[in-house]
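One structure is given below, encoded as structure tokens.
These numbers come from a predicted model, not from an experiment.
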Amino acid sequence: MEYNFRDIEKKWQEYWRENQTYRVEVDNTKPKYYVLDMFPYPSGAGLHVGHPLGYIASDIFSRFKRLNGFNVLHPMGYDAYGLPAEQYAIQTGQHPAITTEQNIGRYREQLDKIGFSYDWNREIRTCEPDFYKWTQWAFIKMFSYYYNTKENKALPIESLVDSFSKNGSNGITAACSKEFEFTAAEWNGMSEKEQQQTLMNYRIAYLGDTMVNWCPKLGTVLANDEVTDGVSVRGGYPVEQKLMRQWCLRVSSYADRLLKSLDNLEWSDSIKETQKNWIGRSEGAEMQFKIADSDIEFTIFTTRADTIFGVTFMVLAPESAYVKQVVTAEQQAEVDAYLDSIKHKTERDRQTDKRVTGVFTGSYAINPLTNEKIPVWISDYVLAGYGTGAIMAVPAHDSRDYAFAKHFNLPIIPLIEGCDVSEESFDAKEGKMINSAGNGLDLNGMDVKQAINATKEFIKEKGLGRVKVNFRLRDAIFSRQRYWGEPFPVYYKEGIPYMLDESKLPLLLPEVDSFLPTESGEPPLGHAKNWETEDHFPLELCTMPGFAGSSAYYIRYQDPHNNDALVDQSVNDYWRNVDLYIGGTEHATGHLIYSRFWNKFLFDLGIVCEDEPYKKLVNQGMIQGRSNFVYRIKDTNTFVSYNIRNEYDVTPIHVDVNIVSNDHLDIEAFKAWRPEFHNAEFILEDGKYICGWAVEKMSKSMFNVVNPDVIVEKFGADTLRFYEMFLGPLEQSKPWDTNGIDGVHRFLRKLWGLFYKNGQFLPVDAEPTKEELKSLHKLIKKVTWDIENFSFNTSVAAFMICVNELTQIKCNKKSIFKELVVLLAPFAPHIAEELWHSLSETGSVCDAQWPALNEDHLKEDSVNYAISFNGKTRFNLEIASGTSKEDVEKIALEHENSAKWLEGKTPKKVIVVPNKIVNIVI
RNA sequence: GCCCGGAUGGUGGAAUGGUAGACACACAGGACUUAAAAUCCUGCGAUCAUUGCGAUUGUGCGGGUUCAAGUCCCGCUCCGGGUACCA
């Protein structure tokens, strides 16, 4: 009986399906373990061989945990809303729901072939009403809550209203967009509209005027992480800045908590670091500066309060609200011209253009510590969105201020002893202060850190400013002018937004006859008929962004069919949060921040019992493509083989890797590949055409895409699973090279050969030998350690070694094989099931127990010591195991070979490393 | 610019500070076969030696710590990823 993987895999996949082998339910008698993959967006291209890498790793881990007695939740679903399906709809008119459905079908087919242990009863799709009902529900909650900065949690907006009606804005501690001051009487005197507008300032989901990344080509707003280098991630279209009224989520109110609880997570340092930088906490001070000869005062933020004596000018962001106030009549024209030039620059230009630009406002501010008049400038190197949009410039100690000062010939005052600012600024926070005394503050002689604190104390005391912590993290813009997304559960009454009643959810996505914006420039939902409430109030026309549906999906998997709640509380008490989350690093600043925010919000509401969604995160590396090239001699249709290409003037051309095997070109297939190669001629070496190769991104245009179905068809799913792990460390990027797969496939056939030979079933019931047990327990030890440490690639090697050993010693003991098969089951479940069945004839290997390690079996009779002289190994020595260090030393020194290396000298020192090495220092 | 990774044979990659190159691929030689495929065996960092044993050198570069460094420390070079006027 041959290893017929096709039949075996088909048989067991059917068996698992029919027996619902991987179905899980809450089971309080067993410990839970939740393993989650980042769910895919089902693109039209289907899966390539790189996509399942993480899924295979998580599947191995899930199966391992299951065999260790855990009740494992391992679900899968689809992030089904998104731009590509909508773009496709615009081009072809096909409804995105249809495209999405088709793509999901294709994904499922591909996934099924690989033998994953998902509980498909729990499948979710973000575009299904049953699912997005809860996305809309969460949005309503966010609208109905504000963030209390004192209690550090979200609280119902009613408690804020209550406080306003009793005490006005006095004493409230709420995260907000803008500080307002009003009395109770003023509040109670406000109209409904005014009150709603005021409350909007505090809601966690709020409508706000914000500068957004507007992509005219896509007709929508994009989040910062959906834009790179000034173009959209999807499609690569230019993006510009525009002020728009948009739904936003007050993610910034959670900045501190998002930062602090990072410490409790088992995430890689690099991704934690990325999130830390993204959140960007900086401690500093806000200070007020007066404009000379006027009542105008403005606030700046600085982390270097100590440099106040070196402030030689001030700078406002072009968009700053202060600009209007401070520009003098004489300067108005020049300022307008400057602002105009900025407006015509795209965000991209502003980012790439490092030239110094700016304009003088005509006004002067007073430095409160020197009483000097310093000019106020406008420049686009100051950002409106960070701090207060205004800075005090200290050219001596800030490189940007320095460049500005040099360009406009502004004075530079060094404040640190011995620093040289003739060529560049001195930005380091170290050294002794000089030139820093006046108006009651004397920093001279202090080091920088002391000076910062002293200045903060001083400005606090004198009422010049206050200590302030700033975050880089901005609120998330939550509106998209698109069709294929969750509709907002929002209607407008006299221009004021109100939430639908929860009982009206889900608010279904309406049908439209065009997926383009309306003629009046409204989003596609503007085409929908009867898009209004029963009382004929218009509904919101925007939809939610891609990250809406993926922010709380992990919770829904726990209780996917619950119609009354996002998740039942007792169910959530059991499954809690994700123990292991596997996915790519590209979500570090998007999904993984939003999801943490969303979860913390639900935690504040008592909906979920854990403050963090994903306990342990593993980031799988990218699988790159390995492209092949042929070399065409210029202006001919003749192709020259790789090693002799330099004798000609050639152009390398990508060739489909599927017609190249082991870098040998299949010439006939090449001729048939494309019409223009039909009459191609070849200059061969040794009768073969050898292709060149390079590692590149796996993509259609490089012709290096390898499809998992093709591999499964040719070698089987178990081989694919093993080989993906064998390629290299999970977290590392590595190229896919189909060539190496033979080795893994051969191993599985060899394993099969332990059980079947010439139609004979070999295993027998008999006591295993010591040698057999040793080989097995070496494997148990290695594989257990490897899986727990995500070092799957080295386990594959361990399996190969073990099978080789067992083959060599002609092992045929059922007891050994049974345990071997269980160890194998997480990696290669199909062949493991088949072999398990041949050994026991009952049940599934999934119900087996992970074998326990018996260290006794690993004990050696003797140990091979490497005997070194001055660190150099000279010979090896077998010494009985258990020999004491002293005796090992004695035996080593007395050995006949030692005399030769000692050359009659007495050793100075002897180091014995147990079971390993004896080093003799002469 | 800043932050984080990485650099080991022809290739992918192994190595709790302890015999570097596990395990595979590729390649070369051999066995079986009419032949091919499949399978099995042998060799495979470099240099020198070779009748066998071997010797020297070797983990991007330069230093250091140590009896012992791919691994730890200091200083570079190159490559990959992230991020960027964040005051």
Side-chain angles (χ1 to χ4, degrees), chain A residues 2 228-229 268-274 276-278 280-282 284-285 300-305 307 315 317 350-354 356 379-383 385-394 397-401 403-404 427 470-474 585-586 588-589 621-622 624 626 662-663 693 695 722-723 726-729 731-744 746-747 749-750 753 785 791 793-801 804 807 864-876 907-922:
Chain A
E2 278 290 294
T228 8
D229 299 330
S268 72
D269 288 341
S270 78
I271 207 151
K272 280 191 191 179
E273 197 63 29
T274 308
K276 271 182 199 162
N277 292 339
W278 193 259
R281 182 180 199 272
S282 59
I300 58 97
F301 175 76
T302 179
T303 54
R304 292 294 301 274
T307 58
V315 190
R350 253 172 100 166
Q351 262 172 22
T352 43
D353 192 357
K354 297 268 149 117
V356 177
S379 174
D380 67 349
Y381 83 88
V382 174
L383 304 176
Y386 184 76
T388 60
I391 61 156
M392 61 180 214
V394 187
H397 302 292
D398 182 287
S399 50
R400 296 153 302 178
D401 298 344
F404 195 83
D427 290 12
N470 250 338
F471 291 94
R472 206 189 78 121
L473 185 71
R474 316 270 180 94
T585 46
E586 67 272 20
T589 55
M622 281 243 289
Q624 297 144 315
R626 187 182 186 277
N662 203 9
D663 291 339
W693 62 276
V695 173
F722 252 119
Y723 189 54
F726 186 63
L727 278 178
E731 310 204 23
Q732 190 178 305
S733 288
K734 59 242 165 200
W736 175 270
D737 183 1
T738 306
N739 285 335
I741 203 165
D742 280 338
V744 173
R746 229 169 268 165
F747 150 72
R749 281 213 303 265
K750 210 171 202 172
W785 192 90
S791 175
N793 55 326
T794 50
S795 314
V796 183
F799 275 112
M800 289 175 175
I801 293 168
N804 275 339
T807 307
N864 190 17
Y865 276 87
I867 312 300
S868 301
F869 289 83
N870 289 339
K872 233 171 190 113
T873 303
R874 294 306 180 181
F875 61 94
N876 295 334
K908 280 184 194 150
K909 201 170 169 186
V910 180
I911 295 114
V912 178
V913 181
N915 301 334
K916 286 212 166 129
I917 208 165
V918 180
N919 192 21
I920 299 157
V921 186
I922 309 169

Polar pairs (N or O, both sides) under 3.5 Å between protein and nucleotides 12-16 of chain B?
residue: B/G12; atom: O2'; partner: A/L727; partner atom: O; Å: 2.8
residue: B/G13; atom: OP1; partner: A/Q732; partner atom: NE2; Å: 2.9
residue: B/A14; atom: OP1; partner: A/N793; partner atom: ND2; Å: 3.0
residue: B/U16; atom: O4; partner: A/K916; partner atom: NZ; Å: 3.0

Where do N or O atoms of nucleotides 40-46 of chain B meet protein N or O atoms at under 3.5 Å, pair by pair?
none

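Here B/U39 is the nucleotide among B/C23, B/U39, B/U83 with the atom lying nearest to any side-chain atom of A/R749. Closest approach to the A/N662 side chain among B/A26, B/C23, B/A84 is made by B/A26 (side chain taken as heavy atoms from C-beta onward). For A/I801, the side-chain atoms get nearest to B/C23 when compared with the rest of B/C23, B/C4, B/A87.
For A/W278 and A/F471, the ring centers are positioned 6.0 Å apart or more.
Two residues, A/G389 and A/I920, neighbour RNA chain B, and the one matched to the more 5' nucleotide by heavy-atom proximity is A/I920.
Side-chain nitrogen and oxygen atoms of A/N919 include none within less than 4.0 Å of the OP1 or OP2 phosphate oxygen of B/A69. Residue A/K872 has a polar side-chain atom (N or O) positioned under 4.0 Å from OP1 or OP2 of B/U57.
Following rounding to the nearest Å, A/L383 (CG) and B/A84 (P) show an atom-to-atom distance of 11 Å.
When the C1' atom is compared between B/A55 and B/A49, the two are found 8 Å apart, to the nearest whole Å. If you take atom C1' in B/U56 and the same atom in B/G75, they sit 30 Å apart, rounded to whole Å. Nucleotides B/G70 and B/G58 place their C1' atoms 11 Å apart, quoted to the nearest Å.
Checked by distance alone, A/N864 brings a side-chain donor or acceptor within 3.5 Å of a matching partner on the base of B/U19.
Proximity of A/T794 to A/V796: side-chain heavy atoms (C-beta onward) are nowhere separated by under 4.5 Å.
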Legend entry - Secondary structure of RNA chain B in dot-bracket form (Watson-Crick or G-U wobble, distances below 3.5 Å, | marking inter-strand pairs): (((((((..(((.....[....))).(((((.......))))).((((.....))))..(((((..]....))))))))))))....

